J.: 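Can you keep this structure in mind? I'll have questions shortly.
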Amino acid sequence: MEALIVLLPLMGAIFAMPISKVGGPRAAELMTTILLAIAALLSWITFFQIGFGDGPKETITLLTWISSGAFETAWSVRLDTLTAVMLIVVTTVSALVHTYSIGYMHEDPSRPRFFAYLSLFTFAMLMLVTADDLVQLFFGWEGVGLASYLLIGFWHHKKSANDAAIKAFVMNRVGDVGLALGLMAVFAVFGTVKFDGIFDALDAGVVNPVWTDATVAIDAIRFQFLDRSYPVLELIGVLLFIGAMGKSAQFILHTWLPDAMEGPTPVSALIHAATMVTAGVFLVCRMSDLYHLAPVASGLITFIGATTAIFAATIGLVQTDIKRVIAYSTASQLGYMFFAAGVGGYAQAMFHLTTHAFFKALLFLGAGAVIHFCHHEQDMRKMGGLKEQMPVTFVMMLAGTLAITGVGIPMLYVLGAPFGFAGFVSKDYILTAAYAGSAQGLPFATYAFVLGLIAAVMTAFYSWRLMFLTFDHEWRAPADVRKHPHDVPNTMLGPLIPLAIGAVIAGMEFYKPFVGGGKKDFWEGSLYIEKAAYGETHAKADAKAGAKGDGITHSDTGEADHAAAKPAGEKAKKKDHGAHKYPAWVYWSPFFAMAIGFLGAFFHYRRTDDPLRPGLIRPGGLLYDFLQNRWYIDDLYRVMFLKPAQILARFLWKGGDERTIDGLGPNGLFGLMGDGAKRLVKIQSGYTYHYAFVMLIGLTILLFIILRSAS
């Protein structure tokens, strides 16, 4: 059954085009969508069996792939909780996107090719998340890179789409250099690329490197580069994270993500909301046993993640393209996941990854419905007033907005469970993980906590700005669009409903096994759970909480320790089970951050007759230009890398290739023969007396030579 989950999308990718030749485009659409729906159903069955039942956590080997000396790798399906979670995320979103695309792409003549690409992408992502070793993971990693290139550039008649596809492909290859080097370093040090072998060696603290037959303590191995040496685990951790930075569009390697919106909207929902961009988070969590032993690499992850969260949020404040707002929101939310993993909250990172898949896919697909309705208009300044025109879409996107902005009631933690939309619950656990890391003195944990709160304010502001500009006030579209809007088919509206349900309840339903009292059993064998930080009482966290009664208990059992309702003996027992006591403001701060952002957007865009009037960040100002130009990072890359590369390429083309190689080589010889021929042609004048004169000279020279020889 588990193998079918991976193979069904591959079958769809292979047979989509042949079936379309026989049964038409609709046959290809239905076949690929049905196969993905079956894969999604099987994934949910697997998830409940492994996560909540007695399903075996094992590895299913399908076939041997590479066997060369000590190096072996096989096509496998690794079944553990981490894989099961990613299976439901990937297949559920992909199945809904396939269904949605039937309506969205119904006018496109190349839709069989589009559905083949969607299924190919899903297959590659499933190969990545089911990998039992780093080589299969690398195959899936490159597979989703190829599929994303094909999908982003699907409308290849548009230059902007081609440029965006190339940009995404190249930027991801930059990150993949780090991933490939990290993979090589893992094999050199551990003598294997299989996850179980790596984790066993990390647990034992000794490895058997390929350069010796003896076992060596991991801490004793250092790699030399130039005049410095580096601990091997730190180096491997940084190299693997460079690959994750490229795939998950983190700061410095982020520039491809917003431009990738050139692809059809379903592509944005599938690739850039729930699957491909989360591959980097998945990699860090899969290697959590390594990262908890590499504090420098983890500190780098925390810093880059927090920086990305605030960087992308600031740019989202001024975007006018509805899809670009959501795209920068994606990068910002990925930053949250990374800094959670950086401070050791791997379970929190995966929890937010899961909830994010629901509400971000919902927002992208809802935006696609709006774009379809408005004749493919994406500028929010030309929308407005769509609440009455698109009531279902409005309600669905409202649910997604409430989820991403983190609407909930923090005080209900004291009653034993969080109450709020999915993003409220998962983001709260991430911020409290950062606060706990700060109490332990982890690198950049305080930085992440503060920037995470500021980013939450901005997230609420630009998310509600999107809603108010799109759905409130008067419809600002041209007259021809208002007279003849495009109807949104049920195949586009239907997939929004399950995503909206997930955006509402996923946090409350899944928090206990993911990050609460059941997380040790739930994640057993697939994630490293930091007991000192997230499973047991920590003295520093208690000291930060202050006097008795000052704070709220955030218990590992998923229940708050409410002093007024529990007897003292039971309270002590709870604490022994891992209760954490943080100041009340730690729990209330995300709520107030959300409220500040909402009120700012409400008074500026809702309580006004002119929602397009200039705000605090006025067009034409230095701050506006700075944010509108994406902190000028693209321009900096253009100056630092693109232009020098163009100058060097032109020099090598003109000077090296044309003048030197071609000039002295084939073109030079051809020119020499041509010039010689032209000169010889001039001898052929066509006059008889010229030929007679030449013959006379030749005869004279011949006689002179003969007479000279005779004498």
Side-chain angles (χ1 to χ4, degrees), residues 89 93 121 124-125 128 141-142 144-149 151-153 163-179 240-263 267-285 300-316 319 321 323-342 349 352-353 356-357 360-361 363-364 404 451 455 458-459 462 627 630-634 636-637 641:
V89 169
V93 174
F121 172 86
M125 190 68 195
L128 190 160
W141 195 275
E142 297 303 306
V144 293
L146 168 64
S148 66
Y149 169 80
L151 287 167
I152 295 168
D163 292 343
I166 293 172
K167 187 175 183 179
F169 193 80
V170 171
M171 288 298 292
N172 274 271
R173 300 293 76 72
V174 173
D176 291 350
V177 172
L179 180 61
L240 294 178
F241 177 60
I242 291 173
M245 286 174 62
K247 194 65 71 181
S248 295
Q250 292 299 283
F251 186 65
I252 298 175
L253 297 180
H254 67 279
T255 56
W256 66 270
L257 183 63
D259 293 335
M261 298 302 105
E262 289 292 338
V267 174
S268 304
L270 179 63
I271 296 180
H272 309 112
T275 50
M276 175 176 141
V277 292
T278 61
V281 180
F282 169 80
L283 173 62
V284 172
C285 291
L300 175 65
I301 294 172
T302 305
F303 175 78
I304 293 294
T307 303
T308 304
I310 194 69
F311 160 77
T314 58
I315 298 177
Q319 297 299 305
D321 186 314
K323 287 174 64 177
R324 284 182 181 268
V325 174
I326 305 174
Y328 278 109
S329 172
T330 297
S332 182
Q333 297 303 307
L334 288 166
Y336 277 96
M337 300 175 207
F338 273 110
F339 78 66
H352 194 55
L353 183 154
H356 175 264
K360 188 51 63 67
L363 289 172
F364 264 119
I404 193 173
L451 264 61
M458 297 180 179
T459 300
Y462 65 65
L627 298 180
R630 312 174 190 180
W631 290 23
Y632 292 103
I633 292 178
D634 287 75
L636 181 63
Y637 283 177
F641 301 112

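Quick caveat: nothing in here was measured; it's all calculated off a predicted structure.
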J.: Given the rule in the side-chain contact (heavy atoms from CB on, under 4.5 Å) test, do K167 and D634 qualify, once you have shown the distances and angles that lead to the verdict?
T.: CA-CA 11 Å; K167 187 175 183 179; D634 287 75; 2.9 Å; yes

J.: For W256 and G246, indicate whether the former's side chain and the latter's backbone hold a donor-acceptor pair under 3.5 Å.
T.: yes

J.: If you measure from OH on Y462 to CD1 on I326, what distance do you get to the nearest 0.5 Å?
T.: 10.0 Å

J.: Can you measure from CZ (F303) to CG (L451) and round to the nearest 0.5 angstrom?
T.: 9.0 Å

J.: Take atom CZ in F251; do more than 12 heavy atoms of anything else shown fall under 6.0 Å from it?
T.: yes

J.: Checking the side chain of S248 only, and the main-chain atoms of M245 only, is there a donor and an acceptor separated by less than 3.5 Å?
T.: no

J.: For the rings on Y336 and H356, is their centre-to-centre separation under 6.0 Å?
T.: no

J.: Does a side-chain N-to-carboxylate-O contact under 4.0 Å join E142 and R173?
T.: yes

J.: Quick one: does any side-chain atom of S148 pair with a main-chain N or O of V144 as donor and acceptor, under 3.5 Å?
T.: yes

J.: Can a donor-acceptor pair be found, under 3.5 Å and without considering hydrogens, that links the side chain of T308 to the backbone of G335?
T.: no

J.: Is the backbone N or O of M261 less than 3.5 Å from a side-chain atom of K323, with the two atoms forming a donor-acceptor pair by type?
T.: yes

J.: Give me the atom names and distance for the closest heavy-atom approach of G175 to L253.
T.: CA-CD1, 4.1 Å

J.: For the side chain of S329 and the backbone of V325, is there at least one donor-acceptor N/O pair under 3.5 Å apart?
T.: no

J.: Does the pair F241 and F338 meet the rule for a ring pair (Phe, Tyr, Trp, His ring centres under 6.0 Å), with working shown?
T.: CA-CA 10 Å; F241 177 60; F338 273 110; 5.6 Å; yes

